[in-house]
Chemist: 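Let me give you the structure first, and then I'll get to my questions.
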Amino acid sequence: MTEKELVQLCKLGESTTVQYKLEFTTQKQIAEELVAFANTRGGIIIFGAEDKTGRMVGLTYDQVQYTSRELGNTANEHVRPIIYIETEIVMHEELAYLIAYVKNGEYKPYKDLAGNIWVKQSSDKRRVTENSEIRRLMQNSHQYQADEDGVDGTSENDIDTKALDEYFKSVFGKRADEFNMPVAAVLKNAHITDVLGRLTIAGLMFFAKEPQLFRPQFCIKAVWFAGNHIGGAQYHDSRDITGTIPEMYEDAMRWLKSCLSRPQNGQSFNSEGILEIPEIVLEELIQNALVHLDLLKPAAIRLLVFDNRIEIVNPGCLPDGQTIEEVLMGNSDPRNPQLAQFGSKTMPYRGLGSGIPRVMAENCDVELIDRPDGNQFIARIWRTTPKDEFTTQKANEELIPTTQKEEESTQKAQNTTQKPINATQKAILDYLKAHPTATRQEVAEVIGNITEDGVKYNIGKLQQYGRLKRENGRKNGSWVVID
């Protein structure tokens with residue numbers, strides 16, 4: 001860390017990833033901070049900066065040595081399992097500051113000596129007591145797979161034998177009852193049932209006759225709104241899409257395609273038209289939502305169609321440590337390995353991490369939004385042929401005077417080119433308006449929960465939307481916010 005970066009961090013205030021300490025307090029208190037960082041996404045502690053305010057006071061040589069020594073002892077003796085921290089000394093105005101770097105932990109949950117589990121919550125920390133949250137921490141470190149949990153009240157009798165036979169024939173070339181072992185053993189070895197003979201969650205969601213009888217929250221709630229606001233009271237269609245994951249995928253695709261336009265785009269009169277959003281984009285995003293949902297969060301996937309966009313809202317943010325930039329590069333880290341395994345054999349899904357790169361290769365206007373605080377992941381697709389209030393009048397166009405039609409056409413063009421911005425983009429605009437010479441790194445540090453590459457991506461979108469422009473070049477230029 002450079003001196004300039006240190007000063008900047010001390011000005012910005014504490015956050016989920018930055019904590020100030022005027023000096024080393026007690027091993028118990030510092031252990032809680034280390035545990036909270038390791039259980040969340042890592043972070044840094046700046047020793048020598050006043051708590052909460054970040055006022056820079058600095059450390060003496062003796063304080064640096066004492067703090068460094070006590071940090072090592074705390075990490076070794078007061079945290080379980082042991083964590084490894086790195087330290088760095090940065091000088092500012094002839095005073096020393098000790099920076100402790102805590103990595104995102106690999107073996108969660110981490111605990112203090114008393115057995116307490118801490119996580120970060122904004123700039124503070126809180127103790128974890130709920131079993132579901134402890135399981136999520138274990139899931140994030142790949143020590144626990146929720147999709148292999150047994151479902152109480154289920155048995156082999158709840159299996160759809162037709163779906164099961166199709167799966168085994170496609171994968172193994174024979175039915176489950178044609179192996180040289182009891183069917184119960186075959187199902188257990190395939191992770192369709194558990195040791196008690198219950199269907200696993202993965203087995204339930206791919207092979208049960210009625211999955212929602214046991215897990216009603218595992219469904220898709222689809223709404224086709226009239227307008228562009230989720231709070232709108234008018235909608236064209238609303239339904240719950242249920243069944244197994246392959247069945248929900250097929251039904252969601254059929255429903256979604258029925259909501260979209262098929263412009264002619266130069267085709268012959270007898271052609272069906274080309275779907276306004278490439279089908280492969282819809283396929284990949286719906287499959288990803290179904291396979292990667294957070295099974296520990298009792299909430300449905302939401303499939304929302306607006307006049308100007310489609311949103312697929314997944315109850316589960318990216319797995320711990322994974323970033324949108326990694327997803328865009330095709331790095332795969334499935335939250336539910338067994339769902340991914342079954343999905344790769346029963347749907348077009350391949351589980352190789354190549355789906356999102358294929359989506360982006362279609363040159364659609366797609367936004368991927370990760371919201372760890374709300375435990376949501378949103379795929380937003382901007383429509384190329386958005387509908388508006390004037391399309392409902394097409395049947396009566398001959399009754400509208402020509403001049404009025406021209407005015408409405410102009411207004412329509414203005415409406416469809418003006419895209420709403422999300423909360424992150426608004427925060428970027430607000431900061432750049434007040435700090436026009438700010439760098440992408442500075443913006444990322446101020447806003448929080450976004451990388452420098454994420455800032456770059458959103459600035460590009462804002463420039464496309466005509467809300468932001470750069471003047472006088474990259475080195476000596478500044479940003480101009482266009483209201």
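Computed over heavy atoms, backbone and side chain alike; hydrogens, waters and symmetry mates excluded. The structure displayed is predicted, hence computed values, not measured ones.
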Chemist: Side chains of P81 and Y110: does their closest heavy-atom pair fall under 4.5 Å?
Modeler: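 The answer is yes, as the side chains (C-beta and beyond) meet within the 4.5 Å cut-off.
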Chemist: In terms of side-chain geometry, is the basic nitrogen of K21 or E23 positioned less than 4.0 Å from the acidic oxygen of its partner?
Modeler: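 No, no charged N to carboxylate O under 4.0 Å.
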Chemist: Quick check against the 3.5 Å criterion: does E284 have a side-chain atom that pairs as donor or acceptor with the backbone of I356?
Modeler: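 Not confirmed, E284 side chain does not pair with I356 backbone.
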Chemist: So how far is it from I89 CD1 to L6 CG, rounded to the nearest 0.5 Å?
Modeler: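 Nearest 0.5 Å value for the CD1-CG distance: 12.5 Å.
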Chemist: Which heavy atom of W479 sits nearest to which heavy atom of R470, and what is that distance?
Modeler: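 Answer, listing the atom of W479 first, then R470: NE1-NH1, 2.9 Å.
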Chemist: With a 3.5 Å distance limit and no angle check, can you tell me whether N104 reaches the backbone of G42 through a side-chain donor-acceptor pair?
Modeler: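 It does not hold such a pair.
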Chemist: Can you name the side-chain contact (heavy atoms from CB on, under 4.5 Å) partners of K426, sequence neighbours left out?
Modeler: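 For K426, the residues satisfying side-chain contact (heavy atoms from CB on, under 4.5 Å) (neighbours in sequence not counted) are I421, D430.
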Chemist: Do D51 side-chain atoms and L22 backbone N/O form a donor-acceptor pair below 3.5 Å?
Modeler: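 Here the side-chain-to-backbone pair exists.
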Chemist: Answer whether the closest heavy-atom distance between the side chains of L468 and V480 falls below 4.5 Å.
Modeler: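 Result no, sub-4.5 Å side-chain heavy-atom pair not found.
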Chemist: Is it true that a side-chain atom of D112 and a backbone atom of H78 form a donor plus acceptor pair closer than 3.5 Å?
Modeler: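 Checked: no pair found.
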Chemist: Report the residues that fulfil side chain to side chain donor-acceptor pair (under 3.5 Å) with R302, sequence neighbours left out, ordered by chain and then residue number.
Modeler: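 Scan of R302 (side chain to side chain donor-acceptor pair (under 3.5 Å), adjacent residues dropped) gives none.
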Chemist: Restricting to non-hydrogen atoms, name the atom on L318 and the atom on D370 that form the minimum distance, rounded to 0.1 Å.
Modeler: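 Of all heavy-atom pairs spanning L318 and D370, the closest is N-OD1, 2.9 Å.
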Chemist: Ring pair (Phe, Tyr, Trp, His ring centres under 6.0 Å) for F342 and F207? Distances and angles first, verdict last.
Modeler: CA-CA 10 Å; F342 289 155; F207 305 110; 5.2 Å; yes
Chemist: Starting from the C-alpha separation in whole Å, work towards a yes-or-no answer on side-chain contact (heavy atoms from CB on, under 4.5 Å) for Q376 and V313.
Modeler: CA-CA 7 Å; Q376 286 186 341; V313 184; 3.9 Å; yes
Chemist: Considering only heavy atoms from C-beta outward, does the side chain of F206 approach that of T244 to under 4.5 Å?
Modeler: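 Sidechains of T244 and F206: no contact.
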Chemist: Verify, without hydrogens or angle tests, whether Y107 (side chain) and I83 (backbone) share a donor-acceptor contact under 3.5 angstrom.
Modeler: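 Between the backbone of I83 and the side chain of Y107 there is no qualifying donor-acceptor contact (under 3.5 Å).
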Chemist: With a 3.5 Å distance limit and no angle check, can you tell me whether T53 reaches the backbone of R55 through a side-chain donor-acceptor pair?
Modeler: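 Checking the backbone N and O of R55 against the side chain of T53, a donor-acceptor pair under 3.5 Å is found.
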Chemist: Is it the case that the side chains of E70 and T67 hold a donor-acceptor pair, with the cut-off being a distance below 3.5 Å and no angle test?
Modeler: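 Distance-only check fails for T67 and E70.
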Chemist: Within the structure provided, determine whether Q425 and L429 are in side-chain contact (heavy-atom separation under 4.5 Å).
Modeler: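 With C-beta onward as the side chain, the pair stays apart.
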Chemist: Answer yes or no on whether R126 is positioned over the face of W118, meaning its NZ or CZ is under 6.0 Å from the six-membered ring centre and within 45° of the axis.
Modeler: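 Ring-cation test returns no.
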Chemist: For the backbone of P315 and the side chain of D294, can you confirm whether one donor and one acceptor N or O come within less than 3.5 Å of each other?
Modeler: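 Between the backbone of P315 and the side chain of D294 there is no qualifying donor-acceptor contact (under 3.5 Å).
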Chemist: Using side-chain contact (heavy atoms from CB on, under 4.5 Å) as the criterion, list what pairs up with E148, not counting sequence neighbours.
Modeler: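 Only Q145, H191, Q338 meet the side-chain contact (heavy atoms from CB on, under 4.5 Å) criterion with E148.
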Chemist: Looking only at heavy atoms, which two atoms of C219 and T242 are closest? And how far apart?
Modeler: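 Shortest heavy-atom separation between C219 and T242 comes out as CB-CG2, 4.1 Å.
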Chemist: Within the structure provided, determine whether V305 and V223 are in side-chain contact (heavy-atom separation under 4.5 Å).
Modeler: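 Side chain of V305 against side chain of V223, heavy atoms only: no contact under 4.5 Å found.
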Chemist: When you look at I46 and V18, which way does the side-chain contact (heavy atoms from CB on, under 4.5 Å) test go after all the steps?
Modeler: CA-CA 8 Å; I46 302 175; V18 178; 4.3 Å; yes
Chemist: Please list, chain by chain and in numerical order, all residues satisfying ring pair (Phe, Tyr, Trp, His ring centres under 6.0 Å) with F225, sequence neighbours excluded.
Modeler: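 Here the qualifying residues are F306.
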Chemist: Charged N to carboxylate O below 4.0 Å: is that the case for E279 and K257?
Modeler: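 Answer for the salt bridge query: yes.
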Chemist: List in chain and number order the residues that pass ring pair (Phe, Tyr, Trp, His ring centres under 6.0 Å) with H435, two or more places apart in sequence or in another chain; answer none if no residue qualifies.
Modeler: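 Testing H435 for ring pair (Phe, Tyr, Trp, His ring centres under 6.0 Å), a comparison that skips the adjacent residues, returns Y431.
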Chemist: I'd like to know if E442 pairs up with R440 as an ion pair, taking the criterion as any Lys NZ or Arg NE/NH1/NH2 lying under 4.0 Å from an Asp or Glu carboxylate oxygen.
Modeler: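 No, this pair does not count.
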Chemist: Kindly say whether I201 contributes a backbone atom to a donor-acceptor pair with the side chain of D147 at under 3.5 angstrom?
Modeler: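 No: the side chain of D147 does not pair with the backbone of I201.
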Chemist: Considering residues at least two apart in sequence or located in another chain, which fulfil the salt bridge (charged side-chain N to carboxylate O under 4.0 Å, His left out) criterion with E283?
Modeler: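 By the salt bridge (charged side-chain N to carboxylate O under 4.0 Å, His left out) rule, E283 matches no residue at all.
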Chemist: Not counting sequence neighbours, which residues clear side-chain contact (heavy atoms from CB on, under 4.5 Å) with D124? List them please.
Modeler: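 Partners of D124 by the side-chain contact (heavy atoms from CB on, under 4.5 Å) criterion come out as none, since no residue qualifies.
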Chemist: Are any of the side-chain heavy atoms of R254 and D251 separated by less than 4.5 Å?
Modeler: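 With C-beta onward as the side chain, the pair touches.
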Chemist: Is it the case that Q217 and Q212 place a side-chain donor and acceptor less than 3.5 Å from each other?
Modeler: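 Side-chain D/A pair, Q217 to Q212: absent.
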Chemist: Go through the steps for L462 and I428 under the test side-chain contact (heavy atoms from CB on, under 4.5 Å), then give the verdict.
Modeler: CA-CA 9 Å; L462 290 168; I428 291 173; 4.1 Å; yes
Chemist: Tell me every residue that passes side chain to side chain donor-acceptor pair (under 3.5 Å) with E77, counting only those two or more places apart in sequence or in another chain.
Modeler: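 So E77 forms no side chain to side chain donor-acceptor pair (under 3.5 Å) with any residue.
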Chemist: Can you find a side-chain donor-acceptor pair between K120 and Q19 that sits under 3.5 Å?
Modeler: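 Side-chain D/A pair, K120 to Q19: present.
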Chemist: My understanding is that only residues two or more places apart in sequence, or in another chain, count here; which of them pass side chain to side chain donor-acceptor pair (under 3.5 Å) with T74?
Modeler: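 For T74, no residue satisfies side chain to side chain donor-acceptor pair (under 3.5 Å) once neighbours in sequence are set aside.
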Chemist: So do I44 and V102 actually touch side chain to side chain, heavy atoms under 4.5 Å?
Modeler: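 With C-beta onward as the side chain, the pair stays apart.
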Chemist: Could you tell me whether R371 atom CZ has more than 12 heavy atoms of other residues or ligands within 6.0 Å of it?
Modeler: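 Not buried by this count: 12 neighbours or fewer within 6.0 Å.
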Chemist: Minimum heavy-atom separation for Q287 to M347, with atom names?
Modeler: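 Residues Q287 and M347, closest heavy atoms: OE1-CB, 3.3 Å.
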Chemist: Apply side-chain contact (heavy atoms from CB on, under 4.5 Å) to the pair I220 and R239, showing each step before the final yes or no.
Modeler: CA-CA 8 Å; I220 299 175; R239 65 183 64 189; over 6 Å; no
Chemist: Roughly how far, to the nearest 0.5 Å, is the CD1 atom of I99 from the CZ atom of F47?
Modeler: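 Interatomic distance, F47 CZ to I99 CD1, rounded to 0.5 Å: 9.5 Å.
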Chemist: List for me each residue that meets side chain to side chain donor-acceptor pair (under 3.5 Å) alongside W255, sequence neighbours excluded, and say none if there are none.
Modeler: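 Partners of W255 under the side chain to side chain donor-acceptor pair (under 3.5 Å) test: D237.
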Chemist: Over all heavy atoms of both residues, which pair between R383 and C259 is shortest? Give the atoms and the distance, please.
Modeler: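 Smallest heavy-atom distance, with atoms named: NH2-O, 3.8 Å.
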Chemist: Which pair of non-hydrogen atoms, one from L432 and one from A438, has the smallest distance, and what is that distance?
Modeler: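 Closest pair (atom of L432, atom of A438, distance): CD2-CB, 4.1 Å.
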Chemist: Applying ring pair (Phe, Tyr, Trp, His ring centres under 6.0 Å), name anything that partners F377, two or more places apart in sequence or on another chain.
Modeler: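 Counting only residues at least two positions away or on another chain, F377 forms no ring pair (Phe, Tyr, Trp, His ring centres under 6.0 Å).
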Chemist: Looking just at side-chain N and O atoms, do Y101 and E88 make a donor-acceptor pair shorter than 3.5 Å?
Modeler: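 Present: a donor and an acceptor within the cut-off.
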Chemist: Check whether any side-chain heavy atom of R41 lies under 4.5 Å from a side-chain heavy atom of T17, and answer yes or no.
Modeler: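 Contact flag for R41/T17 side chains = no.
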Chemist: Please check if atom NZ in K111 has more than 12 non-hydrogen atoms from other residues, nucleotides or ligands closer than 6.0 Å.
Modeler: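 12 or below, so no.
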Chemist: I need the I30 CD1 to I85 CD1 distance, nearest 0.5 Å.
Modeler: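 Answer rounded to 0.5 Å: 9.5 Å.
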Chemist: Please identify each residue that fulfils ring pair (Phe, Tyr, Trp, His ring centres under 6.0 Å) with F37, with sequence neighbours left out.
Modeler: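 If we apply the ring pair (Phe, Tyr, Trp, His ring centres under 6.0 Å) test to F37, skipping adjacent residues, there are no hits.
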Chemist: Would you give the length of the straight line joining atom CG of L275 to atom CG of L282, rounded to the nearest 0.5 angstrom?
Modeler: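 Spacing of CG (L275) from CG (L282) equals 6.0 Å.
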Chemist: Could you measure the distance from the CZ atom of R136 to the CG atom of N131? Nearest 0.5 Å is fine.
Modeler: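 R136 CZ to N131 CG: 12.0 Å, rounded to 0.5 Å.
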Chemist: Crowded around K125 NZ? As in, over 12 foreign heavy atoms under 6.0 Å?
Modeler: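 Atom NZ in K125 is crowded, with more than 12 foreign heavy atoms closer than 6.0 Å.
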Chemist: If I take atom CD1 from residue I277 and atom CG from residue D365, how far apart are they, to the nearest 0.5 angstrom?
Modeler: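 Result: 10.0 Å between the selected atoms.
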